[in-house]
Amino acid sequence: MALTVLSCGSRNEDIPVYLDKTKDIEARVQDALSRMTTEEKVAILHAQSKFSSAGVPRLGIPEVWCTDGPHGIRPEVLWDEWDQAGWTNDSCTAFPALSCLAATWDREMSLLYGRCIGEEARYRKKDVLLGPGVNICRTPLNGRNFEYMGEDPYLAGEMVVPYVKGVQENNVAACVKHFAVNNQETLRTGTNSNVDDRTLYEIYLPAFKAAVQKGGAWAIMGSYNLYNGQFNCHNKKLLQDILKGEWGFDGVVVSDWGGARDDDEAAAYGLDMEYGTWTNGLTGAASDGYSNYHLARPYLERLRDGRAGEEGLNDKASRVLRLIFRTNMNAETKWGRFTCPEHYQAARDIAAAGTVLLKNEGALPLRVPQGGKIAVIGENAVKKMVVGGGSSNLKTRYEINPLEALEEAFAGKAGVVWERGYVGDISTSYNLVDTGQDLSDDRSPETLIADAVAVARDADCVIFIGGLNKSSGQDNEGTDRKSLEMPYAQQDVIEALAAVTPKLIVVNISGSPVSMPWAGKADAIVQGWYGGTESGHALVDVLTGAVNPSGKLPFTIPCSLEDIPLKTARQYPGIREEGKQYMQEYYDEGVFIGYRWYDTKGPGPQFAFGHGLSYTTFEIAPVKASGRDFAVKVTNTGEREGAEVVQMYIAPAECPVERPAKELKGFEKVRLAPGESRTVHFKVSDEDLAYFDADKHCWVAYKGDYQVLVGVSSDDVRASFPLSLSKTVEI
Ligand code: BGC
């Protein structure tokens, strides 16, 4: 555009401020705004196609292009259809699911992830990446847990910040989703979340706040559900009072697709860009639907007849212009990179670093005699799972499954024989993206088990690779799971295998916790994830020991569904109440979710939050407690290089409210050679000691005696230090 201006014979100094990349962004925003008509301002506030909104063609201000997110760059879809457009150049690098990234407990990995996916987005000319997701894992049944970062607000907050920064280094906005208290898929567009303020501020907001204040996120996506009886895409308290008020967010609030539901509220309460499909994005289509969006014609009408004011319009339009100047029209041109060896390697490294060794009685790393036999049983050894799951569905250049990776790793060394064991989900396509696999199988469950046992019986080791997948009712957008168990009677297969082999390795691939009543019968258990393009390689790196496992659970694995803190229909999935239009769900458990529940009031879990083993061993010894500085020495006492995640929890002092037995407030991942030691320091702030006082509407660090607990999971504390606070502090 600058060239156009110059070619009209203007002198350099005549370049309008908004086009002058040397000028400050705010000056550019104000200049552009001053040149725009009301109609042009409204036009940039809503979609013009499934994933884009208009720019200002007259001024050369470009359109905004969004893409899902959060695990890779979505294939191009048709202008106004979810179906893919059939391009042949849009197969991306699929990165591991965010549950896997969270399991790395490694901020560097998160930065790497953000940088790589940001480069892919930039190369594909996208301005907004619809991710990452940081909704807290309140129930293990939530169909979208795999897209989120676990059950702890501190962990999610620490992990989201580098991701956002990495993405935005590429002049691509991270759009952190789904704001807020959106913790189930069941009736997600018609459920009102009733949450008290303490729970809201302590559990459900911190990761978003970190993304905004520490990560500097340029966009936030409102969620589908309601809170306080108001839809979250135009929720006054969440968007205006907290996000833009208390936190000072200067970016754009984007609606979830079809999540804006009311003309007046959309105009008034903090929504800046409306996306979706048809008029309300949810039900019927309308011709010329985009003009009927809440932030289109209805908003224009309100501006014209005075029901909506100029100031509100300018605020919304400024935010969108700021987004454009931060991304597409940024002073520093970036080009990105796409499907390159570096991205594949990053995907592999992250997937391996997130893989969690839950149990190991000697079966891992794999040791198979030359010419021996490895029996691999289970559908997830072969099923390609980059496709499916909802909006995070991807089309990838390639996807290595675990069986292929095992065959590659043991070529010329041992035979790898696969049997299915059970038939789960035979679908292979989603929104017209197809893996090209044929997963049909008409054997009976009995025959499948008998065939699997026959292969396993004389094998040197047996690896069962099962778990969930991304079809409806599993790890999938729009539906929740019905039970905590592995589906398709996989338990029967595991038990049958355990009866014929002493060396059974179970790999559970999922994005959410599954119950493991068979855990005692397995020699080793591995929690794997949807690993993306390099999924199989990463898993096999860990199984063979090429990578020493260092992943830690980002959520608790309970023994059974009865054990979880959500006990009533009121809590989950919600109830119908007379006189209320929408389902009501009540967060009666308050702050007691995840390990906060199991460690304080619940039964012990199957595997605790933060748990994960290594092929080496570590010792943790206290070395220093001075003031607010606490230090431990971590030593690798085994024979292999490895990494340990040292976790710092605070046990509270007595205070006027009931608090969890402990809460995570710090962690460091330490990589050590055999015999090597390192001292890890934790500094404890007043904030780390505080709870949210809803009446005072502030954080309170109550005077009294605290304990600083340092360990390797929420139920494995290795060192503890006393900490006294002599005076109550309000923050
Ligand atoms: C999902 C969002 C997604 C959007 C666009 C919605 O259904 O909830 O996470 O970004 O669609 O695909």
Side-chain angles (χ1 to χ4, degrees), residues 105 136 150-158 196-207 209-210 552 556 565 589-602 604-605 608-611 620-634 645-668 679-731:
W105 291 59
I136 294 295
E151 73 184 26
D152 183 73
Y154 178 79
L155 175 65
E158 288 297 297
D196 64 86
D197 268 7
R198 178 180 165 209
T199 305
L200 182 70
Y201 276 79
E202 287 189 24
I203 306 291
Y204 297 101
L205 294 185
K209 185 178 180 189
K552 299 277 178 177
T556 309
E589 71 287 353
V591 299
F592 295 96
I593 56 144
Y595 68 90
R596 287 168 170 76
W597 163 255
Y598 298 101
D599 288 359
T600 316
K601 308 178 172 195
F609 171 78
H611 170 72
I620 295 182
V623 291
K624 179 177 155 197
S626 109
R628 294 292 187 85
D629 181 2
F630 300 90
V632 293
K633 188 164 127 190
V634 194
V645 179
V646 189
Q647 304 162 32
M648 194 262 290
Y649 297 83
I650 305 276
E654 277 200 29
C655 71
V657 297
E658 190 187 16
R659 299 190 65 181
K662 61 172 99 64
E663 294 184 281
L664 184 74
K665 295 294 171 182
F667 65 85
E668 268 330 306
T679 301
V680 178
H681 291 265
F682 293 108
K683 286 223 182 312
V684 177
S685 66
D686 286 343
E687 282 87 347
D688 295 334
L689 306 178
Y691 64 90
F692 190 79
D693 185 319
D695 296 330
K696 293 185 175 146
H697 199 76
C698 71
W699 292 85
V700 175
Y702 206 76
K703 64 173 193 270
D705 298 327
Y706 294 78
Q707 289 286 319
V708 176
L709 309 171
V710 180
V712 293
S713 76
S714 81
D715 71 352
D716 190 355
V717 170
R718 304 282 178 85
S720 82
F721 308 89
L723 187 166
S724 250
L725 187 66
S726 53
K727 225 173 101 211
T728 298
V729 183
E730 292 185 4
I731 306 155

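Between K683 and D688 there is no salt bridge, since no side-chain N of the basic residue sits under 4.0 Å from a carboxylate O of the acidic one. One finds no salt bridge joining K662 and D715 here, because no Lys/Arg side-chain nitrogen approaches an Asp/Glu carboxylate oxygen to under 4.0 Å.
Residues satisfying the salt bridge (charged side-chain N to carboxylate O under 4.0 Å, His left out) criterion with D693, sequence neighbours excluded, are absent altogether. Under the salt bridge (charged side-chain N to carboxylate O under 4.0 Å, His left out) criterion, K601 pairs with E658, not counting sequence neighbours.
A heavy-atom distance below 4.5 Å is not found between the side chains of V710 and V717. The shortest distance between side-chain heavy atoms of L725 and R628 falls below 4.5 Å. Here the side chains of P652 and Y691 are not in contact, with every heavy-atom distance at 4.5 Å or above. Annotation: side chain of F682 is in contact with side chain of V646 (closest heavy-atom distance under 4.5 Å). Taking 4.5 Å as the limit, every side-chain heavy atom of P660 sits out of range of all side-chain heavy atoms of W597. Between W699 and E687 there is no side-chain heavy-atom pair separated by less than 4.5 Å.
No side-chain N or O of D629 forms a donor-acceptor pair with one of S626 less than 3.5 Å apart.
K665 NZ: more than 12 foreign heavy atoms inside a 6.0 Å radius.
Ring pair F609/W105: centre-to-centre distance below 6.0 Å.
Between F721 and F630, the angle of the ring planes lies from 30° to 60°, which puts this pair in the tilted group.
Remark: side-chain polar atoms of E151 are paired, donor with acceptor, to backbone N or O of T556 under 3.5 angstrom. A donor-acceptor contact shorter than 3.5 Å links the side chain of E202 to the backbone of F692. Panel note: side chain T600, backbone A661; a donor-acceptor pair is recorded below 3.5 Å. Between the R659 side chain and the A690 main chain, a donor and an acceptor come within less than 3.5 Å of each other. The main-chain N or O of V700 is never found under 3.5 Å from a side-chain atom of E730 such that the two would form a donor-acceptor pair.
Minimum interatomic distance between I650 and Y706 (heavy atoms only, all atoms of both residues): CG2-CD2, 3.9 Å. Closest heavy-atom contact between Y649 and S714: OH-N, 3.3 Å. Listed here is the closest heavy atom pair of I593 and P565: CA-CG, 4.1 Å. Nearest heavy-atom pair, I620 versus R718, reported as atom, atom and distance to 0.1 Å: CB-CB, 4.0 Å. When every heavy atom of V632 is checked against every heavy atom of P622, the shortest pair comes out as CG1-CA, 4.2 Å. Taking all atoms of both residues into account, the shortest heavy-atom contact from T199 to V591 is OG1-N, 3.7 Å.
Considering CG of L664 and CG of L709, their distance stands at 11.0 Å, rounded to 0.5 Å. For the atom pair CG (D686) and NZ (K727), the distance works out to 10.0 Å, reported to the nearest 0.5 Å. Taken to the nearest 0.5 Å, the CD atom of Q647 stands 9.5 Å off from the CG atom of D152.
Residue Y702 forms a side-chain contact (heavy atoms from CB on, under 4.5 Å) with just one option from V657, T728, V729, and that option is T728.
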- Message: As a quick check of understanding, evaluate side chain to side chain contact (heavy atoms under 4.5 Å, CB included) for M648 and V684, giving each step before the final call.
- Response: CA-CA 10 Å; M648 194 262 290; V684 177; 3.9 Å; yes

